[in-house]
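This structure is a prediction, so every number in the text was calculated from the model and none was measured. One-based numbering along the sequence shown.
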Amino acid sequence: MAKMDVIVVGGGHAGIEAALAAARMGARALLLTQNLDQIGQMSCNPAIGGVGKGHLVREIDALGGEMGRAIDATGIQFRTLNTRKGPAVRATRAQADKAAYRRYMKSVVENTPGLAVRQGTIEGLLIEDGAVRGVETELGERFLASHVILTTGTFLRGLIHVGDRNRAGGRAGDASSEGLSPQLEALGFRVGRLKTGTCPRLDARTIDWEGLELQPGDEPPPYFSFRTERIEQAQIPCHITWTNPETHRLIREGLDRSPIFSGRIQSRGPRYCPSIEDKIVRFADKDRHQIFLEPEGRDTVEIYPNGLSTALPLDVQQGLVRSIAGLEKAEIMRPGYAIEYDFVDPLELLPSLETKRIKGLFLAGQINGTTGYEEAGAQGLLAGINAVRSLQEQSGIVLERSQSYIGVLIDDLVTKGVGGEPYRMFTSRAEHRLLLREDNADTRLSPIGAQIGLLDPTAAFHVEQRSRGAQEEHARLAGAKIPANPQINQVLEQHGVSPLRHGTSARELMRRPEVDWNLLEKLGVPPPSDARTAASVHLDLRYEGYIARQEELVARTARLESTPVPTQIDFAAVEGLSTEVREKLALVRPRTLGQAARIPGVTPAAISILGVHLRRASGGA
């Protein structure tokens with residue numbers, strides 16, 4: 001094979017987005033993966049999105065990524081979460097047909113111009129003069145490129161645990177990768193160990209569905225991609241059941257055989273997605289835990305009991321499953337398991353996701369200590385973008401925290417690390433949540449996607465049109481006058497809205513919590529024809545004051561974010577800094593004063609000292 005521009009190792013969610021981004025931006029790209037049939041495989045839960053995660057999917061889509069379109073085309077149930085809460089934390093989540101999702105992604109990858117696909121297990125990197133030159137497979141085959149993106153998921157020295165038994169594996173049914181980790185360690189990378197797990201899969205034909213709580217999808221179904229017009233396919237319901245004291249007794253009696261509690265597993269798993277064993281121990285006062293029975297697809301009987309992740313022995317798994325209402329006769333088709341795997345400390349990375357030690361080597365996904373398809377896809381997309389920009393000798397794309405959840409994700413990783421447990425995105429991690437809603441992801445990020453040549457110009461034009469439409473809608477509402485007469489006030493009072501003392505504009509009236517488009521239409525001000533524009537304008541007006549305050553905060557911190565810290569600065573020469581602060585700064589090597597201020601343990605006083613040093617070094621006062 002001729003020398004490539006970019007090689008992507010791994011065909012999971014990070015690898016797909018990285019490879020597609022590289023090829024779509026004009027690079028000669030190669031996707032290398034262990035098993036071509038597993039491209040886009042959902043190893044754990046059959047779902048995309050959720051709180052924080054749905055925001056990432058919308059942002060991937062706005063930049064020109066594929067995940068949003070894939071789930072819109074193959075989902076079997078779509079819901080909006082947190083509908084009773086504010087717009088900043090509302091999120092879209094969709095159940096996937098796992099097989100259909102995998103087929104969709106494989107087809108897109110195979111039919112993307114400029115993207116070659118090969119099967120092979122990578123056992124080593126080719127390094128020369130501190131820069132990557134390609135990769136070598138276990139069969140001795142060499143592929144050459146100046147830029148390599150590792151998206152190895154849970155495959156680096158993966159070890160699968162079920163009870164007191166374990167075996168090497170990247171996930172059930174796939175081999176682990178044993179050669180890369182030792183080489184990364186030899187190159188000086190800080191390599192650690194993490195854990196994750198998955199649930200047993202149940203046979204739907206053996207579940208008693210009578211009496212279980214039905215959980216249907218939303219109508220009309222929400223969707224992820226701004227390029228989707230509507231969801232055409234029929235939805236499939238999920239069901240809800242609960243553990244009980246008998247379930248908990250069986251789990252406690254089996255804890256001595258759990259690798260998580262017997263000491264066989266030393267690494268930490270995701271705190272916010274614990275195994276059922278963890279839940280029973282950590283929340284001993286609770287007498288039940290919710291279990292969502294989620295279909296894995298339209299053409300399979302496999303059911304994913306979300307909430308029952310476990311590494312207990314198979315006989316204990318069978319007992320605890322059958323202690324749950326509706327599952328008294330349930331058969332396990334695949335056992336749950338825990339998996340340990342290697343990751344690289346993300347403090348080893350630049351904000352572009354290129355490693356600091358090896359030029360041209362990028363890391364994305366679970367190799368950086370994250371968990372989740374969405375976090376992986378976001379990193380893969382940015383790694384692919386920045387690999388191509390590096391190839392073109394352009395500066396990397398670094399999204400700011402005030403600009404996107406992707407910016408929050410990557411800044412957290414390269415500034416704070418993962419703290420010994422897999423990193424998961426939450427809306428609470430973002431300081432400016434009202435600026436980063438799902439509904440405005442396209443207007444926030446599509447201009448960047450179009451500028452770098454990743455997002456289709458036609459799609460970007462449609463977003464620009466909607467943005468102009470929203471501005472025109474604000475102007476229309478400001479010009480629409482609502483008089484304070486008896487007829488108007490009667491309508492307002494019927495809807496629980498205080499009567500008007502003086503005439504006002506429709507724009508001002510819509511800022512009231514009780515006023516929506518339905519009421520405005522009764523007052524003679526119809527909504528815009530585009531539903532997305534209508535929803536966005538309504539939210540902008542409802543939270544206008546809060547949004548303005550967040551924008552003011554972003555403006556106040558702009559000075560820190562725009563003050564660069566030279567890459568070669570000697571922090572030991574900065575007088576007044578403690579040894580601990582110097583060490584932390586030298587480890588992270590922040591690119592701006594703002595990033596330096598977010599490093600754990602770096603105090604405001606230290607930032608002031610560093611700021612004075614930088615001004616003096618540049619000739620300032």
| query | Which heavy atom of F224 sits nearest a heavy atom of T92, and at what distance? | reply | CZ-O, 3.4 Å
| S176 side, atom OG; R167 side, atom CZ - distance, nearest 0.5 Å | 9.5 Å
| task | Taking the side chain as every heavy atom from C-beta outward, state whether L391 and S146 have any pair of such atoms under 4.5 Å apart. | result | yes
| field | For the student: nearest non-hydrogen atoms of A311 and P259, plus distance | value | O-CD, 3.2 Å
| field | Between CG on residue L187 and CZ on residue R357, distance to nearest 0.5 Å | value | 8.5 Å
| note | Residues E277 and I251: closest non-hydrogen pair is CA-CG2, 4.0 Å
| Any luck finding a side-chain donor-acceptor pair between Q379 and N368 under 3.5 Å? | yes
| said: Could you check whether E375 pairs with R429 (Lys NZ or Arg NE/NH1/NH2 to Asp/Glu carboxylate O, under 4.0 Å)? | reply: no
| field | Separation between CD1 of I39 and CD1 of I16, rounded to the nearest 0.5 Å | value | 6.5 Å
| So how far is it from I547 CD1 to E552 CD, rounded to the nearest 0.5 Å? | 12.5 Å
| said: Testing K286, H248, Q290, K279 one by one against T243 for a side chain to side chain donor-acceptor pair (under 3.5 Å), which residue passes? | reply: H248
| said: With side-chain hydrogen bond (donor to acceptor under 3.5 Å, both in side chains) as the criterion, how do D411 and T415 come out once you've worked through the C-alpha distance, each side chain's angles and the decisive distance to 0.1 Å? | reply: CA-CA 6 Å; D411 184 68; T415 304; 3.2 Å; yes
| Minimum heavy-atom distance H161-L159, with the two atoms named | CD2-O, 3.4 Å
| field | Any side-chain heavy-atom pair of E59 and L381 under 4.5 Å | value | no
| note | The salt bridge (charged side-chain N to carboxylate O under 4.0 Å, His left out) partner of R598 among E561, E400, E431 is E561
| Please walk me through it: do E354 and S390 pass side-chain hydrogen bond (donor to acceptor under 3.5 Å, both in side chains)? | CA-CA 9 Å; E354 184 177 15; S390 172; 4.8 Å; no
| query | Between R615 and T563, do the side chains contain an N or O donor and an N or O acceptor separated by less than 3.5 Å? | reply | no
| remark: Interatomic distance, OG1@T355 vs CG@L361, rounded to 0.5 Å, equals 4.0 Å
| query | Is any side-chain heavy atom of L363 closer than 4.5 Å to a side-chain heavy atom of L353? | reply | no
| For the side chain of N440 and the backbone of R437, is there at least one donor-acceptor N/O pair under 3.5 Å apart? | yes
| note | On a heavy-atom basis, the closest approach of A131 and I358 is C-CG2, 4.0 Å
| request: Go through K359 and D129 one step at a time and tell me if the salt bridge (Lys or Arg N to Asp or Glu O under 4.0 Å) criterion holds. | output: CA-CA 9 Å; K359 182 175 175 56; D129 298 328; over 6 Å; no
| said: So if I apply the side-chain contact (heavy atoms from CB on, under 4.5 Å) rule between S404 and each of L435, L63, L409, L445, which one comes out positive? | reply: L445
| Is the shortest heavy-atom distance from the side chain of D61 to the side chain of M67 under 4.5 Å? | no
| Distance, nearest 0.5 Å, that separates CG of D570 from CG of L585 | 11.5 Å
| task | Have a look at R157 and tell me which of E178, E185, E340 forms a salt bridge (charged side-chain N to carboxylate O under 4.0 Å, His left out) with it. | result | E185
| query | Ion pair present between D278 and R268, side-chain N to carboxylate O less than 4.0 angstrom? | reply | no
| said: Just checking R282: does its CZ atom have more than 12 heavy atoms from other residues, nucleotides or ligands closer to it than 6.0 angstrom? | reply: yes
| note | Between E348 and the options R190, K356, R589, the salt bridge (charged side-chain N to carboxylate O under 4.0 Å, His left out) test singles out R190
| Is E66 paired with R24 through a side-chain N to carboxylate O contact shorter than 4.0 Å? | yes
| remark: Tightest non-hydrogen contact, residues T137 and F143, listed as CG2-CE1, 3.8 Å
